[in-house]
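For reference, the structure is listed below as structure tokens.
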Amino acid sequence: MASSAQMAEQPSQPVGGVSSKKLLTHSLASLIDQALLSGLNFALGLVLIRLATKESYGVYSQMYVAGIFASTVIEALITGPLTTIAPGKSVAERARLTTLLLRFQWQLSIGLAILFGVGSGVVASITNIDTHPVWLGAAFAIYILANAQREYHRSISFIEARPRRVLHTDIAYVLGVVVGVGVLLLVGYLTVPAILLVLGLANIVGMWRSTEHGLASPPRNVIPAEDKTEYRAAVSEVMQRGRWALPGALVAWATNYSYLYLAAAVLGVAASADLNASRLLLMPISLSVLAWSRVARPMVSRLFAARDWKHLDRLAWASVAGIEIVTIVYVIALWLTLPWLQAHVLGAKYHGLEPMVLAWGGYFAINAARWIGSSWLTSNDQYKLLLLSGIACLVIMLISAAVFIPLYGTWGAILSLIIVEGFDLLLIWVVFLPMLRRRQT
């Protein structure tokens, strides 16, 4: 296996400047990659919708969202700040920084894996949501650890402007999931713990393709004194941003996903299954936005540093317009195919989701424009502003959910999210971004 230093493979050339052709080429590769991941999540969700009980799918949905929570912590503390810092460094400095932070990544992901594994096992035992709490906790811990490592390798590849390497990684990951789930279907053991274990092992398969050298080794137990100094400096550099990014990211997670747990608490686990099933059909939109932002953020950071407002405006409007066009086209296509999906895929258990799909379409249209604005703030190192907006949005979300979920059920959950996204959209694009421009000019 390769060493940590080998993992931080130096690119053949520095991260390039901003060009329309490069942005388009990289965005295309990233969009293909995200389409692949979206297709996998979509197919896996449909398999569970069709073959599993509503309760099992509801539990899987909540576990998956808890996994997003763990990824959010790592993104806020390591990969998010790294994406902001790295474009301004030389190739050698960037390679050294990513190698040092790999050690931090291992430590943090192991801690989170143990915490979430034990926590999920205890909750499953207390609530009886799964008949094998120990098996569930162990599988979830493996999934969180392996997923965190693969995401770190993917982030480095995006920073180095090598989205095709990310695509190779994710092709291996997708194939691993397909084979694993296929085996579960053959043996008739499609349980939540088994699916989480398959996802964890598939992450390891994908991570093997994340560099030309194979799987990265965990950090060494004995660290030379000079490495300790460099390591502390690297961790300090990302933590300067992470200490602001983490609260904001956790608040954003609570704003975006707490509805699932609130709906389950008020309406039952089956309600969370209905919400997630209808939202699942719109997830390709969210993943397309993520694909765009992963490619654009390093470029936006350089444009902010250069105070190149002309190209920033052009990139912002092109981003919003492109994503909104994709959203509208996708929602229309989905609406036209819903009768077929209802009859042949979703089944009678999920009858009547058509209006909810349209409501989710409105949510994602607002969310896409808001997400791009949030990415612009992150690229400009404005984690304090993101924290402020996140706290305000969480308060609005909790109030809206407390009022509308008891009144309108699952509809109330979606309405609460739309209200929050609309507020955040106006706050970022009308208040924060113009304020930053005035301050910096």
Side-chain angles (χ1 to χ4, degrees), residues 34 37-38 41 45 58 60-76 79-80 116 147 151 245-266 271-294 323 327 356-357 359-378 383 385-405 410-429:
Q34 289 297 339
L37 296 178
S38 176
N41 291 332
Y60 169 78
S61 302
Q62 294 180 52
M63 297 294 291
Y64 189 79
V65 168
I68 293 175
F69 182 94
S71 297
T72 297
V73 172
I74 296 174
E75 167 76 17
T79 52
F116 277 77
N147 185 67
E151 283 297 327
L246 181 60
L250 295 184
V251 167
W253 178 90
T255 303
N256 290 325
Y257 295 107
S258 61
Y259 77 93
L260 200 62
Y261 299 98
L262 292 172
V266 176
S272 64
D274 283 332
L275 282 167
N276 211 61
S278 55
R279 180 172 179 155
L280 174 71
L281 301 175
L282 278 299
M283 283 308 292
I285 298 172
S286 180
L287 290 172
S288 296
V289 177
L290 178 60
W292 179 268
S293 65
R294 293 295 291 268
I323 289 300
T327 300
M356 292 179 67
V357 168
W360 278 120
Y363 163 80
F364 276 109
I366 301 172
N367 172 266
R370 192 275 305 163
W371 181 275
I372 292 171
S374 297
S375 297
W376 261 232
L377 289 176
T378 304
Y383 294 103
L385 291 181
L386 286 170
L387 176 58
L388 288 175
S389 72
I391 292 173
C393 289
L394 179 59
V395 172
I396 294 174
M397 173 64 195
L398 293 176
I399 294 173
S400 299
V403 172
F404 294 123
I405 290 179
T410 52
W411 280 90
I414 303 175
L415 177 60
S416 300
L417 288 169
I418 291 175
I419 292 172
V420 170
E421 287 294 328
F423 169 80
D424 204 18
L425 174 73
L426 294 175
L427 184 63
I428 290 173
W429 284 102

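Index from 1, following the sequence.
Considering all non-hydrogen atoms of both residues, Ser71 and Asn147 come closest at OG-ND2, 3.2 Å. Scanning both residues, Ala401 and Leu262, for their nearest heavy atoms gives CB-CD1, 3.8 Å. When all heavy atoms are compared, the tightest approach of Ala368 to Ile323 is CB-CG2, 3.1 Å. Closest approach of Leu275 and Trp360 over heavy atoms only: O-NE1, 3.6 Å. Ile428 and Ser374 get closest at one heavy-atom pair: CD1-OG, 3.3 Å. The minimum heavy-atom distance linking Leu425 with Ala369 is given by the pair CD1-CB, 3.6 Å.
In this structure, the ring of Phe69 has its center less than 6.0 angstrom from the ring center of Phe116.
By the 4.5 Å heavy-atom criterion applied to side chains, Phe404 and Ile414 are not counted as neighbours. Between Trp429 and Ile372 there is a side-chain heavy-atom pair separated by less than 4.5 Å. The shortest distance between side-chain heavy atoms of Thr79 and Glu151 does not fall below 4.5 Å. Within the 4.5 Å cutoff, side-chain heavy atoms of Asn367 are placed close to those of Arg370.
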Q: In sequence, state the C-alpha distance, the side-chain angles, and the governing distance for Val65 and Tyr261, and then conclude on side-chain contact (heavy atoms from CB on, under 4.5 Å).
A: CA-CA 10 Å; Val65 168; Tyr261 299 98; 3.8 Å; yes
Q.
One pair to check against side-chain contact (heavy atoms from CB on, under 4.5 Å): Leu417 and Arg279. What are the steps and the verdict?
A. CA-CA 12 Å; Leu417 288 169; Arg279 180 172 179 155; 4.3 Å; yes
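A distance of 5.0 Å separates CG of Leu377 from CG of Leu386, quoted to the nearest 0.5 Å. With rounding to the nearest 0.5 Å, the separation of CD1 in Ile396 from CD in Glu421 is 11.0 Å. For the atom pair Cys393 SG and Asp424 CG, the distance stands at 3.5 Å (nearest 0.5 Å). Note that CD1 of Ile285 is 10.5 Å distant from CG of Leu281, once rounded to the nearest 0.5 Å. The OG atom of Ser389 lies 8.0 Å from the CG atom of Leu387; values are rounded to the nearest 0.5 Å. Here the CD1 atom belonging to Ile418 is positioned 10.5 Å from the CZ atom belonging to Phe364, to the nearest 0.5 angstrom.
Considering Leu394, Ile68, Val73 as possible partners of Trp253, the one that fulfils the side chain to side chain contact (heavy atoms under 4.5 Å, CB included) test is Ile68.
In this structure, the side chain to side chain donor-acceptor pair (under 3.5 Å) partners of Asn276, at least two apart in sequence or on a different chain, are Tyr57, Ser61.
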